[in-house]
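What follows is one structure encoded as structure tokens, with my remarks underneath.
As a basis for the values below, the full set of heavy atoms in this structure was taken, side chains included, without hydrogen atoms, waters or symmetry mates.
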Amino acid sequence: MNRTENQMLIIFGASGDLTARKLVPALFNLYKGGHLPKNFVVLGVSRSNLSDDAFRKKVVTESKYLADRIGNQGEDFVNAFANQLFYEDLGSDYDTDYGALAKRIADLNVALKTDNNYIFYLSTPPSLYEIVSKNLTEQGLNDESQGWKRLIVEKPFGYDLSSAKNLNKGLQKYFKESQIYRIDHYLGKETVQNLLVTRFANSIFEPLWNRNYINHVEITNAETVGVEKRGGYYDKSGALRDMFQNHLLQIVSLVIMEPPIGSDAEEIRNEKVKALKSLRIMKDEETLYNNTIRAQYVASEVDGEKVKGYREEEGVDPESTTETYAAIKFFVDNWRWSGVPFYVRTAKRMPTKVTEVVIHFKTPHHQIFKDSGAFNKDNKLIIRIQPDEGMLIKFGVKVPGQGFKVERANLDFYYSSLVENHVMEAYERLLLDAMQGDATLYARADEVEAAWEFVDPILNYWKNGKDVRTYGYSAGVWGPTNADELIDGVGMWRNPSENLADDPGFCVIC
Ligand code: BG6
């Protein structure tokens, strides 16, 4: 197991939602699991005027996000955690003299012996990343001559390719690439990491993992929620920027990458970059028209309750064309994947919350059992990212009796069936990795840029192209009906149910 050295975690934007909702609960889990180092300090920094005590109350003792986890842990146990948290008010602006902040860090470092090892977590809008980095640098807080210094940044990492490049340049002026950790919480999910293990720790899958045996690959990411209180942010972003450019292309890169020579962070990330660079960029309007679909949910009734349409949501322009549904068909131009279509979709207000990867294998080259009666003949490997995490293989078996009638059968595995099945939450796992200096599950600058390179032409086309449509779909259904045309050549979307092994269309009525 890697060692976690004494250190201080300095969170910028600490009075914001992410700190209370995700970061502190993740730290509390690490504390409960005994993963925090002996000397550990969290220093919250932002523009609100809070005392250490008020901060501790807000994010620990009185936090609704921690209530369940605290459960019946004794008061002393919880207070011992809370007492490791401190707060520093930066004043009215992030672009200010960080002299007082630097002094507070130095004092805490001496008093609590955190060995000059600091992580700066920027939970701020991306427009502040460079400014904060510059101000930290002015205080020498990027300097690693005594203790290491790391910088974690949140998504969105850029708005398009050119802004992502500018952000990278801006950060790299002050921190070395090896000090920068770009978070993508999907990489913190066990099941996403398991894609690597499935492929590279088994000899039964990898030989089939190519154009000779795979017909097409389908990835679905569906959420039942709408944009909730984030209408203002979402309307400027849309599904392609919010989910596809980062989380889904990360999953794609793990599905298509070549085997790395080892499990070292750089070796894995080198292969992921190569994979992303091999996505065929769609350039002309006709290709973009035929291979991309964007849509928006409209008002409907779900489970007897009225649900607002996207344009009625708070913070959303009533004439908005921003997509809450995006479906993209694309190809990967390399030796392994030549000619294999990929279908990837992401959306809000779908019938169920689910993320899964489906590998559709080719039908046997020579059909011996012609009238086998098997419906939907291809073999499938379904990798369930969430929920009901696990894997399912669909294959043909003989129906007992005369002749050779073939029926589909399932071979399934569920994470919940493992004896050791405690799954760390994504933020918990990612924070611990950064604390230990392991960047494997963080996105590198060139990875992020390669993903934008693929996404940029689609965004431009959706913004400026001729004949671009934003289709509507009723909240609670599987997207617009014409989305089926995209996948027409190879069948239908597999509209998954809540449970991995349930067939599409499965529903419980009482
Ligand atoms: C975030 C997006 O990155 O991921 C949200 O900004 C989305 O819009 C969320 O709801 C989904 O994450 P998860 O882990 O619930 O699938």
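No donor-acceptor pair under 3.5 Å is formed between the side chain of Ser237 and the backbone N or O of Tyr233. Judged by distance alone, with hydrogens and angles left aside, the side-chain atoms of Lys32 form no donor-acceptor pair with the main-chain N or O of His35 at under 3.5 Å. Side chain of Trp452 to backbone of Glu447: no donor-acceptor contact under 3.5 angstrom is found. At least one donor-acceptor pair under 3.5 Å links the side chain of Thr322 to the backbone N or O of Asp235. Judged by distance alone, the side chain of Ser63 and the main-chain N or O of Tyr65 form a donor-acceptor pair under 3.5 Å. In this structure, the side chain of Asn410 does not engage the main chain of Asp412 through any donor-acceptor pair within 3.5 Å. Proximity of a side-chain donor or acceptor of Tyr129 to a complementary backbone N or O of Glu154 within less than 3.5 Å is detected. One N or O on the side chain of Asp456 and one on the backbone of Leu161 form a donor-acceptor pair closer than 3.5 Å. Of the possible donor and acceptor atoms, none in the side chain of Asp242 sits under 3.5 Å from a partner among the backbone N and O of Gly238. In this structure, Arg211 contributes its side chain and Ser338 its backbone to a donor-acceptor pair below 3.5 Å.
A side-chain N or O of Asp184 and one of His247 form a donor-acceptor pair less than 3.5 Å apart. Between the side chains of Asp388 and Tyr415, not a single donor N or O lies within less than 3.5 Å of an accepting N or O. If you check the side chains of Thr470 and Arg294, you find a donor sitting under 3.5 Å from an acceptor. With no hydrogens or angles considered, no side-chain donor-acceptor pair links Ser474 and Ser300 at under 3.5 Å. Inspection of the Asp378 and Thr363 side chains reveals no N or O donor paired with an N or O acceptor under 3.5 Å. Counted by atom type alone, Tyr297 and Glu313 present one or more donor-acceptor pairs between their side chains at under 3.5 Å. Using modelled atom types and a 3.5 Å distance limit, the side chains of Lys272 and Gln250 yield a donor-acceptor pair. Trp462 and Thr292 share a donor-acceptor pair across their side chains, judged by distance under 3.5 Å alone.
Using cut-offs of 30° and 60° for the angle between ring planes, the His216 and Tyr343 rings count as perpendicular. In this structure, Phe28 and Tyr31 have tilted ring planes: the angle between them lies in the 30° to 60° band. Classified by interplanar angle (parallel below 30°, tilted 30° to 60°, perpendicular above 60°), the ring pair Phe454/Phe330 is perpendicular.
To the nearest 0.5 Å, atoms CG (Asp284) and CG (Asn290) are separated by 9.0 Å. A distance of 8.5 Å separates CD1 in Ile214 from CG in Leu381, rounded to the nearest 0.5 Å. For the atom pair Asn29 CG and Leu432 CG, the distance stands at 11.5 Å (nearest 0.5 Å). Rounding to the nearest 0.5 Å places CE of Met282 at 13.0 Å from CG of Asn460. Expressed to the nearest 0.5 Å, how far NZ of Lys362 lies from CG of Leu208 amounts to 12.0 Å. Taken from CD1 in Ile11 to CG in Leu9, the straight-line distance is 4.5 Å, to the nearest 0.5 Å.
A distance of 6.0 Å or more separates the ring centres of Tyr121 and Phe12.
Looking at Tyr427 and His185, their side chains come closer than 4.5 Å, going by heavy atoms from C-beta outward. Under the 4.5 Å side-chain criterion, counting only non-hydrogen atoms from C-beta, Ile359 is in contact with Val255. Between Ile180 and Tyr442 there is no side-chain heavy-atom pair separated by less than 4.5 Å. Residues Ile152 and Ile119 form a side-chain contact, since some pair of their non-hydrogen atoms from C-beta on lies under 4.5 Å apart. By the 4.5 Å heavy-atom criterion applied to side chains, Phe81 and Val24 are counted as neighbours. Looking at Ile382 and Arg494, their side chains come closer than 4.5 Å, going by heavy atoms from C-beta outward. Under the 4.5 Å side-chain criterion, counting only non-hydrogen atoms from C-beta, Phe200 is in contact with Met257. A 4.5 Å side-chain heavy-atom check between Gln296 and Ser320 finds at least one atom pair inside the cut-off.
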Practice prompt. Verify salt bridge (charged side-chain N to carboxylate O under 4.0 Å, His left out) between Lys22 and Asp17, making sure each step is shown before the conclusion.
Written response: CA-CA 8 Å; Lys22 292 282 182 197; Asp17 188 49; over 6 Å; no
Worksheet item: Run the side chain to side chain contact (heavy atoms under 4.5 Å, CB included) check on Gln245 and Val448 step by step: do they pass?
Response: CA-CA 8 Å; Gln245 184 275 338; Val448 173; 4.1 Å; yes
Worksheet item: Does the side chain to side chain contact (heavy atoms under 4.5 Å, CB included) test come out yes or no for Phe342 and Ile256, once each step is laid out?
Response: CA-CA 10 Å; Phe342 282 72; Ile256 67 174; 3.5 Å; yes
Worksheet item: What's the verdict on salt bridge (charged side-chain N to carboxylate O under 4.0 Å, His left out) for Lys165 and Asp446, showing C-alpha distance, side-chain angles and the deciding distance?
Response: CA-CA 9 Å; Lys165 281 186 170 165; Asp446 48 356; over 6 Å; no
Discussion item. Pair Glu425, Arg69 - check salt bridge (charged side-chain N to carboxylate O under 4.0 Å, His left out), show working.
Written reply: CA-CA 13 Å; Glu425 283 169 21; Arg69 296 166 204 240; 3.1 Å; yes
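Partners of Leu128 by side-chain contact (heavy atoms from CB on, under 4.5 Å), not counting sequence neighbours, listed by chain and number: Tyr94, Thr124, Pro125, Ile131, Val132. Listed by chain and number, the residues in a salt bridge (charged side-chain N to carboxylate O under 4.0 Å, His left out) with Arg182 are Glu177 (sequence neighbours excluded).
A cation-pi geometry, defined here as NZ or CZ lying under 6.0 Å from the six-membered ring centre and within 45° of its normal, holds between Lys189 and Tyr186.
Put simply, the residue from Glu356, Glu498, Glu190, Glu389 that forms a salt bridge (charged side-chain N to carboxylate O under 4.0 Å, His left out) with Arg384 is Glu356. Of the candidates Asn334, Leu249, Val455, Asp333, Leu249 is the only one forming a side-chain contact (heavy atoms from CB on, under 4.5 Å) with Leu279.
Between Glu206 and Arg336, at least one side-chain nitrogen of the basic residue sits less than 4.0 Å from a carboxylate oxygen of the acidic one, meeting the salt-bridge criterion. Salt-bridge annotation for Asp160 and Arg241: absent, with no side-chain N of the basic residue lying under 4.0 Å from a carboxylate O of the acidic one. Between Asp438 and Arg429 there is no salt bridge, since none of the side-chain N atoms of the basic residue sits less than 4.0 Å from a carboxylate O of the acidic one.
Between Leu240 and Ile458, the shortest heavy-atom contact is CD2-CG2, 3.6 Å. In terms of heavy atoms, Gly476 sits closest to Val302 at CA-CG2, 4.0 Å.
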